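This report concerns only the one structure given below.
Computed from a predicted structure; not experimentally measured.
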Amino acid sequence: MFLRNDHGFEQAGGTNARSFGTTVAIRKAGPIERFRTRYPDFELAPDLGSRIGSREWFRGAATCAGMCALVMLLSPGFERPIYGSVPNPMTGSDADLARAQAIAPLAKGAASGSHLAATGLVVPLTDTPERPIIQHSVTLGSGSALASALARSGVGQTEAARVAALVAGAVNLGDLKSGTQLDLTLGRRTDKSQPRPLEKLAFRARFDLSLELVRTAAGLALNEIPIAVDHTPLRIRGRVGDSLYRSARAAGAPARAVEAYIRSIATRMPIGRVAADGQFDIIVEQAKAATGEVQLGNLLYAGLNNGNSKLQLVRWEEGGKVSWYDGSGTGERKGQMAMPASGRISSGFGLRRHPVLGFARMHKGMDIAAAYGSPIRAANDGTVAFAGRSGGYGNFVRLNHNGGMGTGYGHMSRIAVRAGQRVSRGQVIGYVGSTGLSTGPHLHYELYRNGVAINPRSISFSVVQQLGGSDLREFKAKLARLLSVPVGGTRAKPAEDTKPEK
């Protein structure tokens, strides 16, 4: 802390304060400091990779050359080698003592250390003794090679075939996965010319089953050891953030499940519309064995809370075909365009005899017979290019879609849109009527590509599947079971896990 007195001097406060009038010694700057002060930008060794060709660069190159020359002048040179002394090789007892204390390589038998001469207590053996029991593990290549894997491990051919037959009675040998570890225990043999007998064999046959073969007085016996497995699904929730994939992976969801989740969500909304503050909800098949192993399976549920909109999709398998249904049991929409009206197709695209004019002419669309006043819906998102009266079409609406596609709707009883209006897929744009050259209430539907009429049947119409009856009730029950799974935990009633999921 500094205090200013009345005379304009500053004094330091505290214990380090100096009295007024104390002289402060000032060190005079040396030549190096004065040089750096006068030339602050001077560098003895500038960067030779920048400002090539400048004065600083040439000065740096000269400095580098001078330093290299100085090093060469100070070097001893190659013509003046430095000699060293080499000891003479050892001989006699000195060589024997050094050899005994050295570590010999394995290529020379590793005969190192001092060897003592045999005494009278040493009895030469006529045969090399064997270990009474051998324990080792074998990796199974494929289920059908169980017998050959045992034979390669030292089990006799006859006994290996017997073991394979016993295992085949419990599980299908073809179902044994490659990489299965076989833990074997081979016993003592009476003759070295005979294979060792199999005393014990243990391995994991399935995720929920272990097999153990043990030799008893009556021979080999097979023991099946079931393993309790908890099939409670794994539920993961989290915030979408900057990347839906990275956020789900960071929360612990497996990569395959995240990919399936994104594909299922994309069938109902563009991924680009998923907000960063949205909440994802993923439920994956999980099998947790009592021994600690965990297996993750297919994606069961894909949920998304995207602010104002909420999406719930459930995996539903029927007849070997997998589909995704929302919470109300409505399946995904398949096809490029929606059917504009509900009814039967009474006339197709092509040359035909006109029912009113009486002569053959090109029919540029298809007719959908429907009740008078039935709603007509837009086949896809687009803009109303025309809405009004159009000759023989009567009340007519034309829509422009993306990709140069367009659709036309004729003979309407009433038009429900106006020119320039944006419409969405499935929105009502009018009602079935019989205006213009028409013999009865129907919709004349046309499809255009780059302004040219094409066959509407060349573009597949979307189909929406809807569950009903017992399937819908079973679907609702499955959805309730999935939503009862807590995040990262187990359900209160594990008995529900034993019920097969459809």
Side-chain angles (χ1 to χ4, degrees), residues 268 328 330-466 468:
R268 303 304 176 98
S328 61
T330 302
E332 57 184 313
R333 187 185 302 272
K334 298 181 179 180
Q336 298 185 19
M337 290 192 174
M339 195 70 174
S342 299
R344 64 178 180 86
I345 300 176
S346 57
S347 181
F349 179 87
L351 190 65
R352 68 164 189 175
R353 182 181 181 85
H354 197 279
V356 177
L357 301 178
F359 58 84
R361 62 182 295 185
M362 183 66 181
H363 189 225
K364 296 183 179 181
M366 71 177 184
D367 294 338
I368 303 175
Y372 189 90
S374 299
I376 300 173
R377 304 180 184 276
N380 210 345
D381 298 344
T383 305
V384 180
F386 177 83
R389 196 79 177 183
S390 178
Y393 290 105
N395 292 330
F396 182 75
V397 171
R398 176 163 178 164
L399 304 180
N400 289 336
H401 309 288
N402 294 330
M405 302 299 294
T407 52
Y409 312 81
H411 307 310
M412 291 185 177
S413 62
R414 183 163 61 91
I415 298 175
V417 292
R418 64 184 182 278
Q421 179 180 346
R422 290 282 303 174
V423 296
S424 59
R425 179 191 184 117
Q427 180 178 339
V428 177
I429 59 175
Y431 300 90
V432 174
S434 186
T435 56
L437 296 179
S438 173
T439 58
H442 72 283
L443 168 65
H444 175 77
Y445 174 67
E446 293 184 355
L447 179 64
Y448 315 101
R449 179 182 285 125
N450 298 325
V452 180
I454 61 175
N455 189 355
R457 291 191 176 185
S458 63
I459 302 296
S460 60
F461 290 102
S462 62
V463 177
V464 179
Q465 297 177 339
Q466 178 68 46

Donor-acceptor contacts under 3.5 Å from residues 392-399 side chains, at least two apart:
{"residue": "Tyr393", "atom": "OH", "partner": "Glu446", "partner atom": "OE2", "Å": "2.7"}
{"residue": "Asn395", "atom": "ND2", "partner": "Met412", "partner atom": "O", "Å": "3.0"}

Applying ring pair (Phe, Tyr, Trp, His ring centres under 6.0 Å), name anything that partners His363, two or more places apart in sequence or on another chain.
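Partners of His363 by the ring pair (Phe, Tyr, Trp, His ring centres under 6.0 Å) criterion, ordered by chain and then number, come out as His444.
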Taking all heavy atoms of [X] and all of [Y], pick out the closest pair and write down the distance.
X      : Y      : value
Gly406 : His401 : CA-CD2, 3.7 Å
Val432 : Ala370 : CG1-O, 3.9 Å
Gly433 : Tyr372 : CA-CE1, 3.7 Å
Tyr448 : Gly408 : CE1-N, 3.6 Å
Ala387 : Ala419 : CB-N, 4.1 Å
Ala378 : Ser424 : CB-O, 3.6 Å

Those residues that, when tested against His442, pass side-chain hydrogen bond (donor to acceptor under 3.5 Å, both in side chains) (two or more places apart):
Ser438
Output all residues satisfying side-chain hydrogen bond (donor to acceptor under 3.5 Å, both in side chains) with Arg344, sequence neighbours left out; order by chain, then residue number.
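With sequence neighbours excluded, Arg344 shows a side-chain hydrogen bond (donor to acceptor under 3.5 Å, both in side chains) to no residue whatsoever.
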Are [X] and [Y] packed together at the side-chain level, in the sense that at least one heavy-atom pair is separated by less than 4.5 angstrom?
X      : Y      : value
Leu443 : Pro340 : yes
Asn455 : Leu447 : no
Val384 : Val423 : yes

Residue pairs, two or more places apart or on separate chains, that pass side-chain hydrogen bond (donor to acceptor under 3.5 Å, both in side chains) and touch residues 412-422:
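The answer is Thr383-Arg422.
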One should read off an interatomic distance between Ile415 CD1 and Tyr409 OH, to the nearest 0.5 angstrom, of 13.0 Å
Euclidean distance, Ile376 CD1 relative to Ser342 OG, rounded to 0.5 Å:
11.0 Å
Residues in side-chain contact (heavy atoms from CB on, under 4.5 Å) contact with Ala416, at least two apart in sequence or another chain
Tyr431
Listed partners of Ser328 passing side-chain contact (heavy atoms from CB on, under 4.5 Å), at least two apart:
Asp326, Thr330
Within residues 367-388 or reaching into it, pairs that qualify as salt bridge (Lys or Arg N to Asp or Glu O under 4.0 Å) - sequence neighbours excluded:
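Sorted pair list: Arg352-Asp367.
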